[in-house]
Amino acid sequence: PPIDISDALAGGARRAPLALFWYGMLSHPRFRACRALTHRHRVYRIPALVRTPSALLAFAEARESSDDSGMIDLVCRRSTDGGQTWGDVHLVPAHEPHAPHGPAAAEETVGNPVPIFNPRTSELLLLFCSNASREGEEAIRSGGEGIVGRRVWLLHSSDEGLTWSRRRELTAEVKRQGWTWYATGPGGGVVLTDGTLAVPATHADGVGPIGGGGDHSHVLLSDDDGETWHVGGDGWTHTNEATIAQISDGSLLLNARSLAPNGLRTLQRSSDGGKTWGATWTCDQLREPPPLGCHGSMVATPGGRALFFAGLDVPASTQATAWQHGAGGRQRLGVRRSDDDGQRWDSGVLLHAGPAGYSSLCLLDGERSVGGAGNVLGVLYERGEEPSAFFAQSIVFELLHDEHLLGAWAKGRDGQEARRAVLHDNTNARPLDVAAAYSEPAAPFEVELGPLPGEAARGPSSGPPLRYRPRHPELFLVE
């Protein structure tokens, strides 16, 4: 049955974000049933959110440590009530342990999930990448002898993520000769109005470090429901980890993380569905944290009449210098709206003033009115709870609708919606007051946020160990 989110929006109050994955979650006794499968997971990163007809699915990378290399798995949780409650953590069968030409699961990194639901076939597709766990990004970018490099894969599900096909390799179709580093997404793909599937991706053309000039965003395209794929045109140089949306005139908008020193995200339009890209532009509202920016996510309403973007809100006064808290200045995650195809963006709403990182957006209700609200967004994002904490202590889910995003509504003479939005200051790095919306269990458990693997070798950390109390721990029980 379709998702009913009316209960999730009842009362119109903004509710507390729900933690779906958090640092060390499977080390807690309440997760004994999962530990046999995912005993090595301590850190969860790289969220990806998708809506199917009857469920929301939240994907993430499950890691041993905060490093981007090593043994990494893909995991998923499902919700059938609009994100109010979530099922158990399940491993996605992204590894191929007995493949004749690939590393065993214990020797393989898989990641960069990009889910996309195809309404024409009612199939859920999941694209992702892999590499040998011993090969980090620096080694792959060097193109050294014996490097296996990045490979690209596809999974299909005909039952909205309950079961999956064996993975199918796409590397020969989508990765050109001379490309070293390669990454799908991360985040979500889009289905264009003509049925084409479009997935954002990144490649490094030749040998060189990240930020060295060889990085380009591009899109992967399929016009036969995912049976075959081809590469679209290259985006501007110094772009990475783009997010895409179809805008009001049918063009495809690319909104990319910038590795350039200007500290502004790079935007481009394509009038031919991603085969070629037009001139670049930047917006002062879309600033990047130094020195190499951060991932952001974007989604369009039906017909592309409005765009929403989730990213780190970098004040202009501090944008040129490294911030003092959060890893490298990754903090202040907010959501902005554009009504002119990405030319300008409003000041938006701040979701979290503390450390934050990658995100994924999903439009849950289109333009139908629910409980007096219009557009309803699901936001899945990385979050740290302490001012100096790792920015991905947890991955949380939050529901927003227009009353939260737009601040106030008014009708102009021409009937168009005039908006007044303010960026809510949250200097204490706490969510809105939600005491009336949720009640804490009588005896919630806490998860100690000790040092990440390898930190002890670099010396003791200052201060007491951090402790994180997940909201609604009863949602994470594994019977």
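Treat the numbers as computed from the prediction; the structure is a model and nothing was measured.
- Of the N and O atoms on the side chains of H295 and E241, not one donor lies less than 3.5 Å from an acceptor on the other residue.
- In this structure, F117 CZ and L57 CG are separated by 10.5 Å, a value rounded to the nearest 0.5 Å.
- The existence of a salt bridge linking R257 and D215 is excluded, since no basic side-chain nitrogen approaches an acidic carboxylate oxygen closer than 4.0 Å.
- Each of V92, N112, L155, I46 was compared with L74 under the side chain to side chain contact (heavy atoms under 4.5 Å, CB included) criterion, and only V92 meets it.
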Item to check | side chain to side chain contact (heavy atoms under 4.5 Å, CB included) assessment of V148 paired with N131 | outcome: CA-CA 7 Å; V148 176; N131 56 269; over 6 Å; no

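- For A245, the side chain to side chain contact (heavy atoms under 4.5 Å, CB included) partners two or more places apart in sequence, or in a different chain, are M298, A300, L307.
- Taking 4.5 Å as the limit, some side-chain heavy atom of L124 sits within range of a side-chain heavy atom of W164.
- For the side chain to side chain contact (heavy atoms under 4.5 Å, CB included) criterion with F59, the lone passing option out of C76, P186, S360 is C76.
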Next on the checklist: For E382 and R45: C-alpha separation, side-chain torsions, deciding distance, then whether salt bridge (Lys or Arg N to Asp or Glu O under 4.0 Å) applies.
Outcome noted: CA-CA 7 Å; E382 298 173 339; R45 286 218 54 210; 2.9 Å; yes

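- In this structure, the separation between CZ on R78 and OG on S54 is 6.0 Å, given to the nearest 0.5 Å.
- R167 forms a cation-pi arrangement with W153, by the criterion of a distance under 6.0 Å to the ring centre and an angle within 45° of the ring axis.
- Evaluation of the side chain to side chain contact (heavy atoms under 4.5 Å, CB included) rule for H203 yields W179, Y182, D205, H216, H218, D234 as partners, not counting sequence neighbours.
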